[in-house]
Amino acid sequence: MTWTDGWWAYAFIAIAGWLATDLWRWLGVLAGKRLRDDSEALNWVRAVATALVAAVIAKLILYPTGVLAQSPLWLRVGAVTVGAIAFFVARQKPVAGIATSIAVLAIGLWWLGF
Amino acid sequence: MDDVEDERSTLAWFLTGARGIFSLPAVILMLSFVGFCSLTVQAGIPPEQVVFMTGIVWALPAKVILVSSIMSGASLATAFLAVSLSSVRLMPMVAALVPELRSSKTPTWLLLLLSHFVAITAWVFAMERVPKVPRDHRVAFFAGFGITLVAANMVLVGVVYHLVAEFPPLVAGCLFFLTPVYFLASIWHSARHPVVYLALAVGLVAGPLFYWIAPEFDILLAGVVGGTLAWGAERLWRSRREARP
């Protein structure tokens with residue numbers, strides 16, 4: 001693969017990778033500097049940022065890549081649901097929710113013969 | 001004397017942030033990087049370039065898209081566009097974090113420099129822990145965490161690249177699943193504003209909905225439309241409650 005030869009590969013990573021991500025981070029700094037930390041505008045930005053991350057989470061659960069792409073949807077959604085119940089029962093301790101979810105997923109995958 | 005005292009505690013807060021490398025989120029992220037490493041091995045990208053990419057791009061979803069673009073032989077312009085579209089979300093994330101991080105004395109160049117270390121894990125970690133740090137030391141705390149996390153993952157990727165064997169599918173599946181489950185639990189746990197709960201719930205529904213309607217711009221649309229909806233609803237609810245005697 002000639003792509004991986006020499007400086008061109010690094011230039012490619014720098015332009016398509018670094019510039020394409022840090023540009024948005026810099027714009028974020030410039031926008032964030034104008035926001036007072038008790039303003040309604042910050043509340044909106046906070047809501048948009050949280051919804052964006054939530055959308056990424058939903059996609060990871062519903063449309064995973066790799067091994068999980070072959071696992072049934074009901075198992076993944078079930079693991080998250082049981083984990084959420086454990087999370088609230090355990091007075092919102094993240095570790096309780098995470099451990100329960102992963103345990104349910106592991107048992108399910110094992111039972112399905114993964 | 002005051003200056004010396006201040007120097008010392010800035011360093012102390014930097015180190016406190018650096019110690020965040022032993023936290024649950026950092027460990028989960030490192031496990032995700034092991035998974036990313038096996039992707040780059042399959043893609044045939046040499047280890048030096050994977051280490052370079054880890055340091056300079058940092059955001060994991062952006063790197064996965066960059067690697068996929070490379071694998072499919074995309075042109076520079078196409079790869080740039082694909083990575084840009086996936087990274088727009090960094091802007092509101094950084095914008096929401098900056099008012100929490102900076103004090104009146106923080107120079108803009110420092111914020112621009114530190115913004116590089118923002119990706120989902122560092123963002124969730126910082127939004128959760130930064131309010132407990134005295135405002136004057138928040139930048140040092142975040143710098144300590146961010147720089148350590150990036151450096152540790154660059155080393156990790158360099159070492160693991162040569163060791164990555166195929167994981168048993170069960171282990172690989174559970175490793176992958178850790179990330180979304182951790183994000184969910186931690187965002188809910190650390191929310192200090194009612195709008196965050198609502199935005200989280202709306203985003204979870206809006207993500208798949210927009211993936212179905214407009215898969216090219218799903219995350220962006222889910223964020224802007226879903227976030228605005230959540231913000232509007234919470235604001236309405238707040239004003240109704242305040243209007244009541």
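Residue numbers start from 1 in every chain, and the chains themselves are labelled A, B, ... in the order their sequence lines are given, proteins ahead of strands.
- Proximity to chain B is limited to the side chain of A:V53, based on heavy atoms less than 4.5 angstrom apart.
- In this structure, chain A has no heavy atom under 4.5 Å from any part of B:V202.
- Counting only heavy atoms from C-beta outward, the side chains of B:M91 and A:W26 never approach each other to under 4.5 Å.
- Among the residues in residues 82-90 of chain A, those with a non-hydrogen atom closer than 4.5 angstrom to a non-hydrogen atom of chain B are A:F87, A:F88.
- No donor-acceptor distance shorter than 3.5 angstrom exists from the side chain of B:H116 to the backbone of A:D22, with no hydrogens or angles considered.
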> Given B:W58 and A:T21, is the side-chain hydrogen bond (donor to acceptor under 3.5 Å, both in side chains) satisfied, shown in steps?
Replying inline: CA-CA 9 Å; B:W58 184 227; A:T21 51; over 6 Å; no

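- Contacts between A:E40 and chain B at a heavy-atom distance below 4.5 Å involve backbone atoms as well as side-chain atoms.
- Close approach to chain B, defined as a heavy atom under 4.5 Å from one of its heavy atoms, is seen in A:L105, A:A106, A:L109, A:W110, A:F114 of residues 104-114 of chain A, taken by number.
- Electrostatic pairing of A:R46 and B:E234 does not count as a salt bridge here, judged by no charged N lying under 4.0 Å from a carboxylate O.
- Without hydrogens or angle criteria, B:R102 side chain to A:K33 main chain gives a donor-acceptor distance under 3.5 Å.
- Using a 4.5 Å cut-off between heavy atoms, A:L62 touches chain B through its side chain atoms alone.
- Remark: the backbone N or O of B:W231 is not paired with any side-chain donor or acceptor of A:W44 at under 3.5 angstrom.
- Proximity to chain B involves both the backbone and the side chain of A:L27, based on heavy atoms less than 4.5 angstrom apart.
- Using a 4.5 Å cut-off between heavy atoms, B:L66 contacts chain A through its side chain alone, with no backbone atom that close.
- Contact annotation for B:H189: both backbone and side-chain heavy atoms come within less than 4.5 Å of a heavy atom of chain A.
- The choice from B:A222, B:G207, B:P169 that makes the most heavy-atom pairs within less than 4.5 Å of chain A is B:P169.
- Residues A:L52 and B:M93 are not in side-chain contact: their nearest non-hydrogen atoms beyond the backbone lie 4.5 Å or more apart.
- By the 30° and 60° cut-offs, the orientation of the rings of B:Y211 relative to A:Y63 is tilted.
- If you tally non-hydrogen atom pairs under 4.5 Å between each of A:V80, A:V95, A:L60 and chain B, the highest count goes to A:L60.
- Chain A forms the most heavy-atom pairs under 4.5 Å with one residue out of B:P61, B:A119, B:P180, and that residue is B:P180.
- Looking only at side-chain heavy atoms (C-beta outward), B:S84 and A:L23 stay at 4.5 Å or farther from each other.
- Heavy atoms of B:L170 lying under 4.5 Å from chain A belong to its backbone as well as its side chain.
- Per-residue counts of heavy-atom pairs under 4.5 Å with chain B were compared for A:V56, A:T50, A:V48; the largest is that of A:V48.
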